[in-house]
Amino acid sequence: MNEIEQTDVAIIGAGPVGLFATFACGMVGLKCHVIDALDHIGGQCTALYPEKPIYDIPAYPKILGGDLITQLEAQAKPFAPVYHLSQQAVRLSGEVNQWRVTTSNHKTIACKAIIIAAGAGAFGPHKPPLENLEDFEGTSVFYAVRQRDQFRGKKIIIAGGGDSAVDWAISLSDIASVTLVHRRDQFRAHTSSLLKLHALIDAGKITLKTPYQLKALEGENGHINHVVLSDLDGHDERVAADILLAFFGLSHDLGPLKEWGLGVTAKYIPIDPATAATSQAGIFAVGDIATYPHKLKLIATGFAEAAQAAHAIRAQIYPDQDFHFEYSTTKGLPA
Ligand SMILES: Cc1cc2nc3c(=O)[nH]c(=O)nc-3n(C[C@H](O)[C@H](O)[C@H](O)COP(=O)(O)OP(=O)(O)OC[C@H]3O[C@@H](n4cnc5c(N)ncnc54)[C@H](O)[C@@H]3O)c2cc1C
């Protein structure tokens with residue numbers, strides 16, 4: 001069923017700049033719906049470096065990526081943005097003041113303007129190149145753990161060599177039988193996690209398979225029963241398993257946005273920096289995806305672009321109203 005929701009502005013991308021755009025639109029009286037392919041807000045800050053300190057956010061001498069997102073979410077909250085997560089914006093139709101954005105979950109947002117804050121594109125998991133992977137996705141094959149308890153008592157293969165693979169192997173070894181598979185002998189994870197991992201391997205609580213890679217999945221009706229691994233010499237080993245957790249990092253892809261007639265070149269959308277307007281009336285772009293001469297790809301730059309876009313959209317939607325610019329100190333926030 002195609003659900004239709006109405007709003008003033010559809011924002012594509014809930015990264016730091018999309019979140020600040022939500023606030024900036026709220027400040028000029030515009031309601032927003034925000035779409036993101038990820039199942040959480042925060043874009044690169046939460047997906048790639050939640051625990052790294054950022055030093056060039058105005059007024060924060062130092063703030064962790066994840067904490068910046070918490071602050072931006074709180075700042076936008078008084079304007080009650082509606083978030084549509086775990087879905088990609090895939091289709092555009094309509095015209096200025098009557099745009100429609102449809103998501104991969106068949107949700108349609110009818111809006112007067114669109115702000116594209118899509119960074120480098122929709123994030124998604126890097127998937128292992130296994131023939132029948134799709135048959136098992138969501139039932140036996142997962143790329144993230146939402147509810148740890150769902151895996152209680154299972155035989156789990158965890159594949160990957162970074163923090164996610166190591167941390168989940170440690171965490172799930174308490175409640176499940178865990179085999180950790182990596183194509184190298186070394187893991188790229190925090191030293192403290194590696195110490196715990198090796199202690200659990202030594203105690204027989206985690207089985208380690210290195211250097212091995214995934215070769216095939218066996219099973220039926222969406223449920224795997226074995227995972228075939230192969231070593232670097234091409235020897236195969238069938239390991240009994242109910243679940244495969246694959247942690248191979250995130251990829252990003254502009255995907256359908258390239259077909260929206262916005263003159264995308266080399267993954268960027270050209271804009272007029274005075275308004276963040278793209279070549280299509282009523283469609284604006286801000287943050288990493290927006291480009292113009294001498295553009296600096298910084299969060300602070302994206303924030304300023306978001307404020308420019310919000311004011312331009314206000315003027316587009318209400319062309320006959322005089323809009324008196326006011327400082328937030330004068331105007332305040334909604335009660
Ligand atoms: C390790 C690292 C350190 C960094 N340190 C700094 C720093 O110190 N200072 C600084 O200023 N910058 C830093 N950056 C850069 C900064 O993170 C980016 O400039 C910023 O995240 C851009 O924000 P954004 O909102 O434009 O895009 P993003 O953060 O990339 O967010 C875009 C969001 O849009 C979503 N999306 C894209 N396409 C679609 C679609 N079609 N449908 C639905 N959702 C979609 C994506 O899933 C994503 O969540 C760093 C980056 C990295 C990787």
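When a ligand or atom number is given, it counts from 1 through the structure's own listing order. Since the model is a prediction, treat every value here as computed from it, not as a measurement.
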Mark yes or no: Lys154 above the aromatic ring of Phe151, with NZ or CZ under 6.0 Å from the six-membered ring centre and no more than 45 degrees from the axis.
no
Can Tyr83 and Glu73 be counted as having a side-chain donor-acceptor contact under 3.5 angstrom?
no
Any Gly302 heavy atom less than 4.0 Å from ligand 1
no
Is the closest heavy-atom distance from Gly255 to ligand 1 below 4.0 Å?
no
Could you check whether Asp8 pairs with Lys31 (Lys NZ or Arg NE/NH1/NH2 to Asp/Glu carboxylate O, under 4.0 Å)?
no
Aromatic ring proximity His182/Phe187, centre distance under 6.0 Å
yes
What part of His252, side chain from CB on, backbone N/CA/C/O, both or neither, has a heavy atom under 4.0 Å from ligand 1?
neither
For ligand 1, which atoms, with element, lie under 4.0 Å from some heavy atom of Ile12?
39 (C), 40 (C), 42 (N)
Under a 4.0 Å threshold between the charged nitrogen and the carboxylate oxygen, would Asp163 count as salt-bridged to Arg188?
no
Considering only the protein, which heavy-atom contact is closest to atom 33 (C) of ligand 1, and what is its distance?
Asp36 OD2, 3.4 Å
Atom 14 (N) of ligand 1 sits nearest the protein heavy atom Tyr49 OH, 3.3 Å
May I ask you to identify, for Asp56, whether its side chain, its backbone, both or neither come under 4.0 Å of ligand 1 on a heavy-atom basis?
side chain
With a 3.5 Å cut-off and no angle check, do the side chains of Gln44 and Asp288 form a donor-acceptor pair?
yes
Counting from 1, what ligand 1 atoms have a heavy atom of Pro16 closer than 4.0 Å?
20 (C), 21 (O), 23 (O), 25 (O), 29 (O)
Best match, Ile69, Val90, Leu48, Ile299: closest heavy atom to atom 12 (N) of ligand 1:
Ile299
Using the ring of each side chain (for Trp, its six-membered ring), is Phe23 parallel, tilted or perpendicular to Phe20, with breaks at 30° and 60°?
tilted
Before accepting this row, confirm whether a basic side-chain N of the pair Glu259/Arg91 lies closer than 4.0 Å to the acidic partner's carboxylate O.
no
Honestly, for Ala117 the part within reach of ligand 1 (heavy atoms, under 4.0 Å) is backbone
Side chain, backbone, both or neither: which applies to Leu254 and ligand 1 if a contact is any heavy-atom pair less than 4.0 Å apart?
neither
Hey, is Val17 touching ligand 1 through its side chain, its backbone, both or neither, going by heavy atoms under 4.0 Å?
both
Do Phe323 and Tyr318 have their ring centres less than 6.0 Å from each other?
no
Should you measure from each heavy atom of Gly43, which atoms of ligand 1 turn up under 4.0 Å away?
29 (O), 31 (O), 48 (C), 49 (O)
